[in-house]
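Okay, so here's the structure we're looking at.
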Number of protein chains: 2
Amino acid sequence: MATVSVREVAARAGVSVGTVSNVLNRPAKVSPATVERVQAAISDLGFVRNDAARQLRAGRSRSIGLVVLDVANPFFTDVARGAEDRAAEEGLTLLLGNSDENIDRESAYLDLFEEQRVHGVLISPLGEVGDRLVRLRARGTPTVLVDRQTADHSFSSVAVDDVAGGHLAAKHLVSIGRTRIAFVGGPQGIRQVADRLEGARQAVREHPNVSLEVISTESLSVLQGRFVGEQLRARNPADRPDAVFAANDLLAIGVLQALSMLGDVRVPEDVALIGYDDIAFAAAAIVPLSSIRQPSALIGHTAVDLLLREAAGGDDFVHEQIEFQPELIVRDSTGG
Amino acid sequence: MATVSVREVAARAGVSVGTVSNVLNRPAKVSPATVERVQAAISDLGFVRNDAARQLRAGRSRSIGLVVLDVANPFFTDVARGAEDRAAEEGLTLLLGNSDENIDRESAYLDLFEEQRVHGVLISPLGEVGDRLVRLRARGTPTVLVDRQTADHSFSSVAVDDVAGGHLAAKHLVSIGRTRIAFVGGPQGIRQVADRLEGARQAVREHPNVSLEVISTESLSVLQGRFVGEQLRARNPADRPDAVFAANDLLAIGVLQALSMLGDVRVPEDVALIGYDDIAFAAAAIVPLSSIRQPSALIGHTAVDLLLREAAGGDDFVHEQIEFQPELIVRDSTGG
DNA sequence: CACGTTCTCTGAAACGATTCATCCCTCACT
DNA sequence: AGTGAGGGATGAATCGTTTCAGAGAACGTG
């Protein structure tokens with residue numbers, strides 16, 4: 001019951017603590033007979049390495065931190081999976097933090113990760129990349145932005161071109177003949193939202209007869225989507241947009257629930273609908289949902305990769321920006 | 001750039017390291033003037049506490065570990081959220097591990113958590129509760145089973161009565177006049193699957209004219225469900241079941257995609273379909289999905305609660321089994 | 001004025017694994 | 001026999017924080 005340390009193991013096996021440590025970390029340097037004796041002592045005593053002591057000595061932990069905007073969004077769990085797989089290849093553990101689009105929670109996770117002396121941090125940051133991240137990196141924690149990049153290339157990042165994605169979505173809606181488009185998303189402080197909207201604006205600008213209405217939401221959840229859907233449904237049909245571009249699939253599914261399940265507004269006949277992320281559930285929605293696909297697992301995978309390079313590269317590492325292109329997936333919700 | 005420790009902070013503020021520690025942990029014990037001086041030194045130097053050293057001294061970390069079967073399953077992310085919220089109230093962090101229904105990964109996470117000296121472990125274990133968990137607890141890490149309980153009451157647990165849930169689902173299918181029911185799920189080693197099937201068996205046994213076919217899957221994913229759906233679709237309609245009870249909603253959604261999106265088998269007319277967990281996407285499925293609801297966030301919340309009690313209680317704590325009752329949610333996929 | 005209290009602050013001793021300079025043996029070779 | 005090389009093992013020092021017994025100073029009280 002009392003805690004077992006290397007010291008007890010050493011005593012039991014009749015060797016020094018240094019040898020026990022060698023058995024644990026460099027068994028090749030120890031004679032087979034000794035290895036066996038030490039291992040017997042370890043299992044007899046039920047010895048379990050103390051990671052805190054290990055880390056203290058090593059200076060850095062063997063894990064990397066990932067802060068996402070919303071764990072309930074399958075897009076981010078996919079990213080996390082990709083990252084976890086890549087991290088596992090390197091013997092690293094992934095610590096997952098959920099900021100829930102809340103700046104205080106984001107900050108709390110960063111503090112935590114920094115105190116833990118993680119190998120590095122992957123983050124899908126809220127709002128602008130602030131002091132907080134600059135300081136974090138300056139103090140020695142490599143940092144890579146996920147699903148987001150900075151204009152000034154001061155951080156490494158793995159992202160998808162959200163402006164292009166927004167453009168793709170809006171252009172598609174226009175191409176099927178819609179002229180009164182509504183963009184649903186928010187808060188605007190989230191860069192992904194702002195970029196997707198910007199892309200949509202660009203696409204609309206190319207067609208003088210097409211209008212774009214912006215409906216802001218408090219967050220990117222199914223619930224918020226349903227709320228917006230209710231409002232649209234309550235409108236006079238003439239005032240209703242004939243197409244909705246939702247900033248992500250969760251919102252789109254919420255809108256869809258409100259419009260379609262309650263029956264009177266038809267998708268896509270009355271209102272075409274497109275989401276963003278192409279989560280697994282989009283294809284199975286009540287009306288299969290058109291969406292903009294991002295290579296989510298690949299993003300996570302690549303981000304860890306880049307983080308490792310950044311960590312190895314030292315101070316003079318040239319920050320790298322990797323950008324993937326989004327892909328339009330057409331399903332029934334936009335005609336098909 | 002060089003790592004800043006309490007020692008440097010102390011020197012800069014002209015106090016001893018003990019005082020710095022007091023400022024950090026018990027500021028009330030230190031005179032306001034000193035507190036201010038130390039805090040100035042901390043921010044000047046950019047000092048960040050080393051958590052490893054803290055933990056080493058403390059003996060235990062301030063986090064608890066949660067091992068789930070599948071992070072891609074919204075049910076488990078909901079459980080995680082509930083757990084995280086409750087943990088945060090106590091100033092504890094939640095470490096989320098994903099066993100992916102793989103015994104080696106489960107084991108790796110348990111090792112990791114034990115080396116980290118976590119406050120306790122919540123786990124939705126694969127297969128039988130083995131030696132591994134017994135040893136873990138014996139060595140001093142409180143453990144609570146999630147979504148699962150042991151027959152012999154040797155562990156504390158928070159669960160939902162899966163037999164009752166299975167019974168509820170099958171009885172419902174019978175009540176809408178279905179007589180050839182297929183249970184889709186697997187592997188059977190997962191207790192939740194076995195219990196839900198057992199409940200279904202019991203319900204079917206009460207009706208001599210109703211048959212139950214078991215279709216095993218390798219995992220509980222959308223993909224596996226789609227695979228089963230394809231098979232059902234390929235069958236001669238006469239050989240097809242007239243109702244499917246899927247062991248969870250992911251499977252059900254997969255089955256639904258295969259049957260319904262490809263058009264020729266109608267849900268619920270030809271085949272009624274019910275899932276399990278009532279995840280948020282069930283209501284928005286192409287045919288809104290009937291399901292068995294579990295109070296997911298509450299499960300997580302309660303599990304942390306129980307873990308804390310178990311940790312405080314010491315060796316003589318009487319393990320407690322908490323069981324919630326599932327609830328039938330009827331939607332279009334079973335007639336409605 | 002002496003004495004007990006209260007308030008601040010001190011600094012050395014843990015916590016447990018890892019590292020590294022060092023020592024002890026063997027063994028091979030001249 | 002003497003020398004050098006090299007495999008094996010040693011154990012003190014180290015990482016950074018917290019704790020705790022106790023030292024001083026300041027204050028009030030009889």
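Naming convention: chains lettered A, B, ... in sequence-line order (proteins, then strands); numbering from 1 in each chain. Bear in mind the structure is a predicted one, so any value in this text is a computation, not a measurement.
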Q. When the nearest nucleotide of DNA chain D is assigned to A:Ser31 and to A:Val17 on a heavy-atom basis, which residue is associated with the more 5' position?
A. A:Ser31

Q: Respond yes when some side-chain nitrogen or oxygen of B:Arg7 is under 4.0 Å from OP1 or OP2 of D:dC15, and no when none is.
A: no

Q: Please report, rounded to the nearest Å, how far the P atom of D:dC15 is from the CD atom of B:Glu8.
A: 10 Å

Q: Indicate, with a heavy-atom threshold strictly under 4.0 Å, whether A:Thr19 touches base, sugar-phosphate, or nothing.
A: base

Q.
Test your reading of the model: is there a side-chain donor-acceptor pair from A:Glu106 to the backbone of A:Gly97, 3.5 Å cut-off?
A. no

Q. Taking NZ from B:Lys29 and C1' from D:dT18, how many angstroms apart are they, rounded to a whole number?
A. 16 Å

Q: Decide whether B:Ser219 and B:Glu101 meet the rule of one side-chain donor and one side-chain acceptor closer than 3.5 Å.
A: no

Q.
Please give me the minimum heavy-atom distance between B:Ser61 and B:Gln116, naming the atom from each residue.
A. CB-O, 3.5 Å

Q) Counting distance only, does the side-chain N/O of A:Glu128 pair as donor-acceptor with the main-chain N or O of A:Thr150 below 3.5 Å? A) no

Q: Decide yes or no, distance alone: a donor-acceptor N/O pair under 3.5 angstrom between the base of D:dT17 and the side-chain of B:Arg54.
A: no

(Q) Check this one for me: any side-chain N or O of A:Thr34 less than 4.0 Å away from OP1 or OP2 of D:dG8? (A) no

(Q) As a test of reading the structure: which of D:dT18, D:dT17, D:dG8 is closest to the side chain of B:Ser21, going by heavy atoms? (A) D:dT18

Q. Within the side chain of A:Arg37, is there an N or O that forms a donor-acceptor pair under 3.5 Å with the backbone of A:Ala13?
A. yes

Q: Starting from the 5' end of DNA chain C, give me the residue, B:Gly14 or B:Arg117, whose nearest nucleotide shows up first.
A: B:Gly14

Q: Identify whether any heavy atom of B:Val20 sits under 4.0 Å from a base atom; if not, whether one sits that close to sugar-phosphate; answer base, sugar-phosphate or nothing.
A: nothing

Q) Within this structure, what is the CZ-to-P distance between B:Phe47 and D:dG16, rounded to whole angstrom? A) 10 Å

Q. When the nearest nucleotide of DNA chain C is assigned to A:Asn22 and to A:Val6 on a heavy-atom basis, which residue is associated with the more 5' position?
A. A:Val6

Q: Using whole Å, report how far CG of B:Leu56 lies from P of D:dC15.
A: 14 Å

Q. Is the side chain of A:Arg148 donor-acceptor paired with the backbone N or O of A:Ser157 at a distance under 3.5 Å, no angle test?
A. no

Q: Would you indicate whether the side-chain heavy atoms of A:Val23 and A:Val20 approach each other to under 4.5 Å?
A: no

Q: Ignoring hydrogens and angles, tell me if any N or O in the side chain of B:Asn73 forms a donor-acceptor pair with the backbone of B:Phe75 under 3.5 Å.
A: yes

Q | For atom CZ of A:Arg57 and atom C1' of D:dT17, their distance in whole Å | A | 16 Å

Q: Looking at every strand, decide which applies to B:Asp51 at a 4.0 Å heavy-atom threshold: base, sugar-phosphate, or nothing.
A: nothing

Q) Counting N and O atoms only, with roles assigned by atom type, does the side chain of B:Asp78 sit under 3.5 Å from a partner on the main chain of B:Ser296, one being a donor and the other an acceptor? A) no

Q) Is there a donor-acceptor pair under 3.5 Å between the side chain of A:Glu8 and the backbone N or O of A:Ser5? A) yes

**Q.** Sugar-phosphate, base or nothing in reach of A:Arg60, heavy atoms under 4.0 Å
**A.** nothing

Q. Does anyone know the first and last nucleotide of DNA chain C in reach of chain A, 5' to 3', at under 4.0 angstrom to a heavy atom?
A. C:dG16 to C:dT19

Q: With heavy atoms under 4.0 Å as the rule, sort B:Val30 into base, sugar-phosphate or nothing.
A: sugar-phosphate

Q | Candidates D:dT10, D:dG16, D:dA9 - which lies nearest the side chain of A:Ser16 | A | D:dT10

Q: Quick one, give me the B/S/- string for nucleotides 22-27 of chain D, reading 5' to 3', where B means a protein heavy atom under 4.0 Å from the base and S means that only happens at the primed atoms, P, OP1 or OP2.
A: ------

